[in-house]
Amino acid sequence: MKNRIVQLLIATFLSAAPALANAENGIRFHWPQGQRAAVSLAYDDALDSQLDVALPTLDKYGLKGSFYLQLSNPAVDRRLAGWRAAATHGHELGNHSLFHQCSLRTHDWVQPQRNLDTTSVAQMQDQLALANTMLYAIDGKRERTYTVPCGDTLAAGADYLPAVAPSFVAIKVAGQAVTPSMAALNPHAVGVYAPEGLSGQQLIALVQQAAAQGTMVNFTFHGVGGDYLSTSAAAHEELVSYLAANRQLYWTDTFLNIMTYVKTQRGDH
Ligand SMILES: [Zn+2]
């Protein structure tokens, strides 16, 4: 009889397990101050429109973003004081590699010397370490996150992320905007979405979806009111002003701060 009760308890627990897992994802995972979702506003490639349009908008509303610098971009050299000032004001400077290697097979604009198909894992490891040193020279910070250029992860045919993961608190890869599960999230493979031409309302809808799920949303913008893969300045400001007006629902912060919190909250080591 006792065994029978134990068996029943085990069966009941197992049948309830999926529900418990979902609760873990959406309800039992707590954001600071009880917000419903975290929001990472990130900007790739070190574009002028980010310093000229996106950054002043974030500062106007008092929100922090993450700027992923491709360090060989002449715009980093030309506007170094601007990037350094952004870091001083609490924004994150992230690693977006030295040379932005992507696969020539899937991106026909890739220059041959920047072809990830012919760059080794060891070369990527060396270059990302150097990029971290350059970023340290700019902002004095030691903790860093990375966004994979083009979302391409195969260096000369081999996945290079395991080799570089120890150098980063977290890594953004290609994926969907809204994180499906905080419990199942791999901090070194966080899916991000690169919007292009979306309206403010479309961007806000993604934020609301993250709140409904209790997870996070990752936007990787490129041009804002200019440059390429652009989001209009108006749509960007509509999103930022909405987030600022709803701070009790949304924790908008740097990807570094959000992922440091996520790892602590989950008890990752
Ligand atoms: Zn890029």
Side-chain angles (χ1 to χ4, degrees), residues 40-55 58 65-80 82-83 86-87 91-119 123-132 134-135 138-139 144-155 159-161 164-165 167-177 188-198 203 217-231 236 254-256 259:
S40 167
L41 302 174
Y43 306 83
D44 276 13
D45 298 355
L47 305 181
D48 284 329
S49 68
Q50 296 167 359
L51 282 176
D52 296 334
V53 180
L55 190 63
L58 292 175
S66 301
F67 295 86
Y68 289 86
L69 305 189
Q70 177 205 327
L71 288 151
S72 63
N73 184 344
V76 174
D77 182 307
R78 184 162 37 80
R79 306 198 61 177
L80 193 58
W83 295 114
H91 300 286
E92 174 183 10
L93 301 184
N95 191 328
H96 198 41
S97 82
L98 292 184
F99 302 119
H100 206 281
Q101 288 99 330
C102 298
S103 171
L104 184 54
R105 276 173 302 163
T106 46
H107 302 91
D108 59 8
W109 47 264
V110 171
Q111 295 171 283
Q113 78 277 16
R114 294 179 173 181
N115 181 3
L116 190 61
D117 303 330
T118 55
T119 305
Q123 284 174 306
M124 287 307 292
Q125 199 173 9
D126 279 354
Q127 292 173 21
L128 294 185
L130 175 57
N132 271 353
M134 291 180 69
L135 289 165
I138 297 172
D139 67 12
R144 205 61 66 184
T145 67
Y146 177 55
T147 298
V148 175
C150 302
D152 292 342
T153 57
L154 296 181
D159 184 359
Y160 74 89
L161 292 190
V164 303
S167 301
F168 299 102
V169 171
I171 296 176
K172 289 177 185 248
V173 299
Q176 50 191 336
H188 291 109
V190 179
V192 301
Y193 170 64
E196 181 186 7
L198 263 56
L203 295 168
V217 58
N218 285 285
F219 293 109
T220 290
F221 294 102
H222 289 79
V224 177
D227 293 315
Y228 53 83
L229 294 173
S230 297
T231 297
H236 178 261
T254 65
F255 186 57
L256 178 66
M259 289 309 298

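Scope of the values below: all heavy atoms of this structure, side chains included, with no hydrogens, waters or symmetry mates. Order of appearance sets the numbers: ligands from 1, and atoms from 1 within every ligand.
A donor atom on one side chain and an acceptor atom on the other are found under 3.5 Å apart for His100 and Asp45. Neither side chain, Ser103 nor Asp152, offers a donor N or O lying under 3.5 Å from an acceptor on the other.
Every ring pair (Phe, Tyr, Trp, His ring centres under 6.0 Å) that His236 has, sequence neighbours left out, goes to Tyr43, Phe221. Checked against ring pair (Phe, Tyr, Trp, His ring centres under 6.0 Å), Tyr146 has the following partners two or more places apart in sequence or in another chain: Phe168. With sequence neighbours left out, the side-chain hydrogen bond (donor to acceptor under 3.5 Å, both in side chains) criterion links Thr119 to no other residue.
The Zn ion (ligand 1) has Asp45 OD1, His96 NE2, His100 NE2 as protein N, O or S atoms under 2.8 Å away.
Using a cut-off of 4.0 Å between Lys/Arg side-chain N and Asp/Glu carboxylate O, Asp139 and Arg144 are scored as salt-bridged.
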